[in-house]
Structure formats: C-alpha cells, structure tokens
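Heads up, the thing below is written out as structure tokens.
One is the number of the first residue; the rest follow in order along the sequence. Counting convention: from 1, in listed order, for ligands and their atoms alike.
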Amino acid sequence: MNSKTFLITGGAGFIGSAVVRELIQNTAHKVVNVDKLTYAGNLESLASVEASERYTFVQADICDAAAMQQLFAQHQPDVVMHLAAESHVDRSIDGPAEFIQTNVVGTAVLLEAARSYWKKLQEQDTAKAESFRFHHISTDEVYGDLEGTDGLFTEETSYAPSSPYSASKASSDHLVRAWQRTYGLPTLVTNCSNNYGPFHFPEKLIPLMILNALAGKPLPVYGDGQQIRDWLYVEDHARALIKVATEGQVGETYNIGGHNEKANLTVVETLCDLLQDLVPKETSYRDLITFVTDRPGHDVRYAIDASKIERELGWVPEETFETGLRKTVQWYLANETWWKRVQDGSYQGQRLGTNS
Ligand SMILES: NC(=O)c1ccc[n+]([C@@H]2O[C@H](COP(=O)([O-])OP(=O)(O)OC[C@H]3O[C@@H](n4cnc5c(N)ncnc54)[C@H](O)[C@@H]3O)[C@@H](O)[C@H]2O)c1
C-alpha cells in the first residue's frame, strides 16, 4: 500500500484516538497527531501505538497559527483529518466561548495553514498538491432535530443547530466548504451520528451509565428519556473516516450513521441488562435509573441516512448496536486503570449544562 502521512488533529480524543489506532495498526500510513491535551485528550488511549516508528505526537493548539504553519512545513502531510474540537453539548451550555475559539477560530486557522502549504505544493510538487486532502469531521447535530418518528438527515438537509456546540460545528463546516469553493482547497466533510465504544470520556451518556451502575450510583436520565439518537460504534466510524479521506470525492459531504435509532432510556435499560449478565447482582441495575431535569434546548430525535457513503464508497458498519454495546461494557470492565485515572482527574461525574 502507498504510505501517506496523515496529520490528525484531536488524535488524543475519543474518536481521534480510534482513527490513529486504526491507521497505525491496520494500514502502512504514517500519523502525526496534533492535540492540545485538554481535559478530553488522553495519551493513554494511544499506548498501543506510541512505540510505532510511523507515529509522532505533537502537543499544540490548533488556534496557534505559527505552530500550525510549522507543523505543515515540517511534516508535509498528504491528508489532514481534522477532529480537534470541544465536543460536549452540556459544557457548551456552561461556557460557549471555548467552543467558538477551538471549533470556529481553530478551524479557520487550520484551513489557512493548509491553504498556504497547499499553494506551495502546487508550485513545487504538483502530484502531491493534486492528491492532498483536507477532511473535516463533523456531527449530525448541525441539522437540528427531526420531528416525529419518520424522516432522516441526508446530505441535503438544511442546517438548524440548537446548541452552542452544534452551532460552532455548523460554522466550521461552512468555513471548510467556503475554502473549497473560493480557494479550491480539496476538502471533504463528514457528518456522523452519536458514537460509543472504548476510551470514551465518562461525561457522555454510555460510559457515565456504565461507571455509575458499577459504583451503585443513580443513573441520571434527562427528561423523560425519550430523546432518540442514532448510535455508531467508534471503530466503525474510524474505518468510515479513513475511507472518505482516501477515496471520497473532493467537495463532497458524506453522512455516517449506524441505523441504530434508540431512545436514551432504552440505551440505559439495555446497558443495565448487559451488566446484569456480565456482573450479576441481586437487585436490578434498572432500579438505579433516576429521571432528572432535561437539558435546555434538548434535541428530540436525530437519525442519519447513510446510503450515500454505502453506495459510493462501499462502507457499512461491522457492529450492530448489540455487539458494539457488549464490547464496550466488556472494555470498561477490563480497563479500570484507564477510567479510574480519568475519574481522578478533572471530572467526577457531576451534572453539567443545566443553565442554572
Ligand atoms: N463523539 C461523538 O459522538 C461525535 C459524533 C460526530 C462527530 N463528532 C466530532 O468528532 C470530533 C472528535 O470528537 P470526540 O468525541 O473524539 O471529541 P473529544 O472531546 O473526545 O476529543 C477532542 C480532542 O481534541 C483535542 N482538542 C480540543 N481543543 C483543541 C485545540 N484547540 N487544539 C488541539 N487539540 C484540541 C482534545 O484535547 C481532545 O483530545 C469532534 O470534531 C466532534 O465534533 C463527535
């Protein structure tokens, strides 16, 4: 296989680390991982690849223009996969400024660094300039929410973000498309549904519920728990992203989803039943379910039409919700050191994003 250099932003995060592990373990490509290491970045998620000669880590902020220009000049990437972001909706309600800074300003800084690097390539190495790609990783939350139980987000759905997080991601998507249209920068955008799987920071629904249940703590379900999300196993997402970055059509958008629409309450109940099977106890884990005040502006339903990526690039998820969720619970049971250290850090499971 032709070995390329991938510049991954946010590679110490949940999805970024899955992309880095996939690239190092299952391809011949090189990876330069640039990450600021915010509370969400964790180099322990990369322990399995850090010794590889094809892997380099650089600690830097994507908002730092000089550092980004230096990165491009030094590493001469063939592909940029941009995942660095502030990613938690509840935190965006408590403090939107950081979301605007990293997700909007940071993306603009990175686009400009990529553009000036790509312009030089056009003068010095036309073949490399032609195959250069800038892949921006985004979310289905930019589409707002769907009413009723029918209807799916397609690549043509209008943007209608509801939270500071999704509005900042929508802004960054617009910037990426504008840099393609105005400057011809070879960009691709993907919008994916909710991910779950190993190495997920325990402020998000699935890991929070697993760890609270194991500790015998209440399982806080927002509102009536009937908000529907479309779940995708993180390693399936990583494989889809690499396919888009290497085989996608420049200028195109691809929606990525797992065809797993579930109400949050159903997810929590399924987790309780899985735990009962794997770590049996006398009383049901379901007894720990506690309904709490809903998130302000909480979207009701997301669901992705992933037929374009299936049809055009031949990607389909390998995991069903049942197999992926079982693997996830088993991973948390086997990797206590990883999550204990995260819990000893900045986040101990407290409620965020109430706007109170
Ligand atoms: N988690 C999901 O379900 C989901 C779904 C669809 C799309 N996405 C998108 O995928 C991307 C990755 O999401 P995730 O869940 O892995 O997020 P995450 O919060 O787990 O990781 C984000 C990473 O970015 C790094 N980072 C943050 N600010 C930075 C900065 N200014 N400079 C450099 N690095 C910085 C953090 O240190 C962290 O390692 C995000 O862009 C997110 O919007 C996430």
Next item on the list: Using only heavy-atom distances, determine whether the side chains of His135 and Thr190 contain a donor-acceptor pair under 3.5 Å.
Entry: yes
List of N/O pairs, ligand 1 versus protein, all under 3.5 Å?
residue, atom, partner, partner atom, Å
ligand 1, 3 (O), Asn195, N, 2.9
ligand 1, 16 (O), Phe14, N, 3.2
ligand 1, 16 (O), Ile15, N, 2.7
ligand 1, 17 (O), Ser87, OG, 3.3
ligand 1, 19 (O), Ser87, OG, 2.7
ligand 1, 20 (O), Phe14, N, 3.0
ligand 1, 31 (N), Asp61, OD1, 2.9
ligand 1, 31 (N), Thr102, OG1, 3.0
ligand 1, 32 (N), Ile62, N, 3.0
ligand 1, 34 (N), Lys36, N, 3.0
ligand 1, 37 (O), Asp35, OD1, 2.6
ligand 1, 37 (O), Leu37, N, 3.4
ligand 1, 37 (O), Thr38, N, 3.0
ligand 1, 37 (O), Thr38, OG1, 3.1
ligand 1, 39 (O), Gly13, N, 3.0
ligand 1, 39 (O), Asp35, OD1, 3.3
ligand 1, 39 (O), Asp35, OD2, 2.6
ligand 1, 41 (O), Leu83, O, 3.0
ligand 1, 41 (O), Lys169, NZ, 2.6
ligand 1, 43 (O), Tyr165, OH, 2.6
ligand 1, 43 (O), Lys169, NZ, 3.1

Check: Mind checking whether Tyr196 and Phe321 have parallel, tilted or perpendicular rings, split at 30° and 60°?
Finding: perpendicular
Check: Run the side chain to side chain donor-acceptor pair (under 3.5 Å) check on Glu112 and Trp179 step by step: do they pass?
Finding: CA-CA 9 Å; Glu112 277 300 81; Trp179 260 242; 2.9 Å; yes
Next item on the list: Give the ring-plane orientation class for Phe132 versus Tyr117, where under 30° counts as parallel, over 60° as perpendicular and anything between as tilted.
Entry: perpendicular
Next item on the list: Decide whether a cation-pi geometry holds between Arg91 and Tyr39; the criteria are a distance under 6.0 Å from NZ or CZ to the six-membered ring centre and an angle within 45° of the ring axis.
Entry: yes
Item checked: Aromatic ring proximity, centroids under 6.0 angstrom, Tyr143 and Tyr159 -> yes
